[in-house]
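Below: one structure, written as structure tokens.
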Amino acid sequence: MIAQPTTKTERYLVMDALRGFALFGVMLINIWEFGGPGMLITEAQFAALPNAALNASIEPVLRLFVADKANTLFAFLFGLGFWVQMERLEARGASFKAIYLRRAGILLAIGWAHLLFFFAWDVLHIYGIAAFILFACRKFPAPVMLTIGLILMMFAKPLIYWGFEAAGISGPLAAIAESDEAILAAQAAAQAGDFPAFIARMLHSTWYGWLLTGGLVGWVAYALGRFFVGAWVARHGWIQNSASNLALFRRWLSPMLLGGLALETLHLIVEPLDGGAPTAMVAFVLHGVATPLIAAGYICAIVLLFHGGTMSWLVKPFAPVGQMALTNYLMQSAAILTIFVGFGLAGRAAIATFLPMVVAFFALQILYSHFWMKAFAFGPAEWLWRALTYRELPRLRRIREAAA
């Protein structure tokens, strides 16, 4: 049987709304971290900014509500989506192995190209690797997949980072990538609008601050845990059949969201304390547990709002953004580079300046995605991804229904 791309009637719009919501947080965190100390601005420059106090007041809010939570939700949804695709291909009698692996391979290729030649903060190359590992582990029993997923989700990345640091690997190399000399060189290229020179400086950072220091290994484990949990949820069908499971989402909303926010608040209080290894371990555990709880709370809230009738307007505009998530993610990379290189703001501004820019750009993405998805079946990048996956050109324009 010949496999075909997912049709409009098969789409789960609540998944798209979740994905669109996650994308807003992903852009916010990407521009905050990419343009922050250690990357494109030195600590001294950051402290000397005219709005330094405002930047300092915004950062704890981002750390409480967005940092790690947006990436957790985004990776979880990728894992859920890949699992749903595997199940559907099998149900259709299609050659799901070849199609799935081709789809994952294309994502991996897009991610590595994006990382090396455009945006050093890429996450797609990580997801491509995690997608292959998820496929290899697809026969795991659901409880085993959940257990491994939770362990990786909460503790893998910091433990891997600690291992590379304890082995004396990451410290010296990260110092090269994050040195004031490296930051100022990247700034100079960005402020001069020299995109090739800026990309060359980012490759230097990618090599010393990412590939050699355990960053990639830690983040693959981080993403894989979220993929596993997403796949476990997909196996239960809770989100695919969310309208039939509203009582479940209602029951877990408060414990997940409020409990996670309480633990993350404790983490932010404990983390700066000078208590040595025990204090650091407490902060590490608090954050590790709080992050997935908050992300799960966001899922519950968005699902309930989506099916909430009069309140659905709050979240349904995210759905078209999520339907063309790959396109919008790549567009966000272009927007961030335009801010840093095109506008020359690298080293000259921080999150207080970037925040309204992100809000304005994401509002444009909502509008653009809405009108695009009314006329077309796929986003541009999604269309290419499907064409390469299924080895045929899917219809891009929507088929207009005949008048009654």
Side-chain angles (χ1 to χ4, degrees), residues 1-20 22 72-108 124 126-150 152-153 223-246 248-249 295-296 299-300 302-303 306-307 319 322-326 377-379 382-383 385-392 394:
M1 182 176 180
I2 298 175
Q4 298 294 332
T6 304
T7 64
K8 176 184 177 183
T9 57
E10 293 175 307
R11 290 204 64 87
Y12 301 134
L13 289 178
V14 69
M15 290 170 55
D16 295 324
L18 287 164
R19 198 175 290 115
T72 292
L73 184 54
F74 200 44
F76 165 89
L77 290 165
F78 257 88
L80 187 147
F82 269 111
W83 190 270
V84 166
Q85 188 198 39
M86 277 199 295
E87 288 185 332
R88 289 185 170 188
L89 289 171
E90 282 190 298
R92 293 171 184 168
S95 178
F96 87 94
K97 292 182 181 180
I99 293 169
Y100 177 96
L101 292 175
R102 194 156 58 239
R103 181 175 174 83
I106 294 165
L107 180 67
L108 184 63
L124 301 177
I126 301 168
Y127 290 0
I129 296 171
F132 278 102
I133 300 174
L134 176 64
F135 178 83
C137 301
R138 67 190 185 281
K139 299 298 185 183
F140 283 5
V144 173
M145 185 169 283
L146 175 63
T147 301
I148 295 174
L150 289 175
L152 292 175
M153 174 185 280
L224 185 61
R226 287 146 176 81
F227 269 47
F228 273 18
V229 174
W232 177 79
V233 170
R235 291 167 80 159
H236 288 81
W238 292 324
I239 293 180
Q240 302 97 301
N241 303 296
S242 57
S244 303
N245 290 287
L246 296 182
L248 177 70
F249 291 105
I299 292 171
C300 292
I302 291 170
V303 167
F306 188 90
H307 294 291
Q323 283 180 287
M324 45 192 294
L326 179 59
F378 312 106
E382 287 74 17
W383 180 88
W385 193 8
R386 281 167 165 77
L388 294 173
T389 298
Y390 295 96
R391 296 178 175 175
E392 65 179 28

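Computed from a predicted model, the values in this text were never measured in an experiment.
- Contact check for W385 versus F378: no side-chain heavy atoms found under the 4.5 Å cut-off.
- In this structure, CD1 on I106 lies 11.0 Å from CG on L101, to the nearest 0.5 angstrom.
- The side-chain heavy atoms of F228 and C137, taken from C-beta on, include a pair separated by under 4.5 Å.
- A distance of 11.5 Å separates CZ of R235 from CZ of R138, quoted to the nearest 0.5 Å.
- F78 and F227 have parallel rings, their planes meeting at less than 30° on a 0 to 90° scale where 60° marks the start of perpendicular.
- Considering only heavy atoms from C-beta on, I148 stays 4.5 Å or farther from L224 through its side chain.
- Side chains of L107 and F132 form no contact here, defined as non-hydrogen atoms less than 4.5 Å apart.
- In this structure L77 satisfies the side-chain contact (heavy atoms from CB on, under 4.5 Å) test together with L18, R19, L73, sequence neighbours excluded.
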Q) Can you check side chain to side chain contact (heavy atoms under 4.5 Å, CB included) on I299 and F249, steps first, answer last? A) CA-CA 8 Å; I299 292 171; F249 291 105; 4.2 Å; yes

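- For H307, there are no ring pair (Phe, Tyr, Trp, His ring centres under 6.0 Å) partners, not counting sequence neighbours.
- Here the closest heavy-atom approach between residue G225 and residue L152 is recorded as CA-CB, 3.6 Å.
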**Q.** Working for side chain to side chain contact (heavy atoms under 4.5 Å, CB included), residues V303 and W238
**A.** CA-CA 10 Å; V303 167; W238 292 324; over 6 Å; no

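- By the 6.0 Å and 45° rule, R103 does not stack over the aromatic ring of Y100.
- When every heavy atom of A231 is checked against every heavy atom of M145, the shortest pair comes out as CB-SD, 3.7 Å.
- Minimum heavy-atom separation, G237 to N245: O-ND2, 4.0 Å.
- Between I99 atom CD1 and T389 atom OG1 the span is 8.5 Å, to the nearest 0.5 Å.
- Judged purely by atom type and a 3.5 angstrom limit, Q240 has no side-chain atom pairing as donor or acceptor with the backbone of Y12.
- G149 and V229 get closest at one heavy-atom pair: C-CG2, 3.9 Å.
- A donor-acceptor pair under 3.5 Å is absent between the side-chain atoms of W83 and the main chain of W232, judged by distance alone.
- Between the CG atom in L248 and the CD1 atom in I239 there is a gap of 10.0 Å [rounded to 0.5 Å].
- Scanning both residues, K97 and F135, for their nearest heavy atoms gives CG-CZ, 3.7 Å.
- The two residues L134 and G79 have their closest heavy-atom pair at CD2-O, 4.0 Å.
- Distance alone, capped at 3.5 Å, is enough to place a donor-acceptor pair between the E382 side chain and the A325 backbone.
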